[in-house]
Amino acid sequence: GAVVSQHPSWVICKSGTSVKIECRSLDFQATTMFWYRQFPKQSLMLMATSNEGSKATYEQGVEKDKFLINHASLTLSTLTVTSAHPEDSSFYICSAPGQTRETQYFGPGTRLLVL
Amino acid sequence: KQEVTQIPAALSVPEGENLVLNCSFTDSAIYNLQWFRQDPGKGLTSLLLIQSSQREQTSGRLNASLDKSSGRSTLYIAASQPGDSATYLCAVYNFNKFYFGSGTKLNVKP
């Protein structure tokens, strides 16, 4: 089946630095990818929709200047957390749709800890 | 705004027991509802998808029901096994978005 990978699987960084997370569709192309954030014991919350060749669409309340999304190719989307702060510590998951949009393939997630 | 709630947040049962996980949602205007399994360090795996016009879906030892009018879904797991230990997420899909519950963490003890 279709596989979505994420890199890194976990990252620790100092407050004020930027962190880039990659999301790749390994054996299929994805013109759209989705980025979610999950805080402990809370739901996955959609942050933004990444669109290949155009600007990302952000959900209400998500700062687009803080969470930079680049969908450089049909198999790669990146999320950069700029000037990270401890409150950005979370589990970030990406997904890509299958043949139907309601079919989603999820990456394994990236755990970010900002000290 | 759609809100999805899952009860209980955690559940520990001995191997072999049948169990029920609950999911409720506030807006009945959904396209479908899915149950996912989330394992540590791995992505989400879709277990069952119920279209809004359906009442239930079955896959092996899993059975999911949907009562759209009351905003409820249940996931029934028969004869639980230690390998079923994971976090189970309920998600409703509408307007091209998934709305997830916070999950039920299941531990099946050998």
Side-chain angles (χ1 to χ4, degrees), chain A residues 1-11 21-28 30-51 57-62 90-112, chain B residues 1-11 21-27 29-54 57 64 66 73 86-107:
Chain A
V3 175
V4 173
S5 70
Q6 283 185 240
H7 178 80
S9 57
W10 61 271
V11 57
I21 303 170
E22 294 184 347
C23 176
R24 292 182 185 274
S25 56
L26 296 186
D27 49 4
F28 67 104
T31 57
T32 302
M33 290 184 177
F34 302 91
W35 287 95
Y36 295 84
R37 180 168 53 183
Q38 184 181 32
F39 292 107
K41 298 184 180 180
Q42 295 188 24
S43 309
L44 271 76
M45 297 295 294
L46 180 65
M47 297 176 64
T49 302
S50 172
N51 304 298
T57 304
Y58 291 82
E59 295 300 302
Q60 190 173 11
V62 178
S90 188
F91 192 57
Y92 293 86
I93 301 178
C94 69
S95 72
Q99 291 187 340
T100 62
R101 195 178 176 107
E102 65 200 43
T103 303
Q104 292 284 328
Y105 299 103
F106 288 84
T110 297
R111 189 163 300 280
L112 170 64
Chain B
K1 180 184 176 184
Q2 180 74 268
E3 293 186 2
V4 182
T5 303
Q6 290 187 245
I7 296 174
L11 183 62
L21 308 182
N22 297 289
C23 171
S24 61
F25 47 95
T26 55
D27 187 349
I30 65 171
Y31 188 70
N32 64 46
L33 181 145
Q34 290 193 63
W35 284 91
F36 292 88
R37 170 179 173 145
Q38 184 178 23
D39 293 280
K42 295 185 179 180
L44 276 66
T45 302
S46 180
L47 299 173
L48 289 165
L49 185 154
I50 311 176
Q51 299 291 353
S52 62
S53 59
Q54 297 176 323
Q57 282 287 335
L66 173 64
S73 176
T87 297
Y88 291 80
L89 297 174
C90 163
V92 297
Y93 183 79
N94 203 13
F95 302 112
N96 294 326
K97 292 182 183 178
F98 281 96
Y99 297 89
F100 285 88
S102 54
T104 294
K105 187 173 184 179
L106 173 64
N107 178 36

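Everything numeric here is computed off the predicted structure, so don't read it as measured data. Sequence lines set the chain letters: A, B, ... in the order given, protein chains first and strands last, and positions in each chain run from 1.
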Output, in order, the C-alpha distance, side-chain angles, deciding distance and verdict of side-chain contact (heavy atoms from CB on, under 4.5 Å) for N96(B) and T49(A). CA-CA 11 Å; N96(B) 294 326; T49(A) 302; over 6 Å; no

Chain B contact via Y36(A) - side chain, backbone, both or neither, heavy atoms under 4.5 Å: side chain

Contact part of L46(A) toward chain B, heavy-atom cut-off under 4.5 Å: side chain, backbone, both or neither? side chain

For this output row, return yes or no: ring centroids of F36(B) and F106(A) closer than 6.0 angstrom. yes

Count the heavy atoms of every other residue, nucleotide or ligand shown that sit under 6.0 Å from CD of Q54(B), and state whether that count exceeds 12. yes

Given a strict heavy-atom distance threshold of 4.5 Å, which part of Q51(B) is in contact with chain A: side chain, backbone, both, or neither? side chain

Any non-hydrogen side-chain atom of Q38(A) less than 4.5 Å from a side-chain atom of Q38(B)? yes

Looking at OG of S43(A) and CD of Q6(B), how far apart are the two atoms once the value is rounded to the nearest 0.5 Å? 7.5 Å

Compute the ring centroids of F34(A) and F98(B), then answer whether they are less than 6.0 Å apart. no

More than 12 non-hydrogen atoms from neighbouring residues, nucleotides or ligands closer than 6.0 Å to OH on Y31(B), yes or no? no

Side chain from CB out, backbone as N, CA, C, O: work out which of these in E59(A) comes under 4.5 Å of a heavy atom of chain B, or both, or neither. side chain

Is it the case that over 12 heavy atoms from other parts of the model lie below 6.0 angstrom from the CG atom of L26(A)? yes

Chain A heavy atoms under 4.5 Å from Q34(B): which part of the residue, side chain, backbone, both or neither? side chain

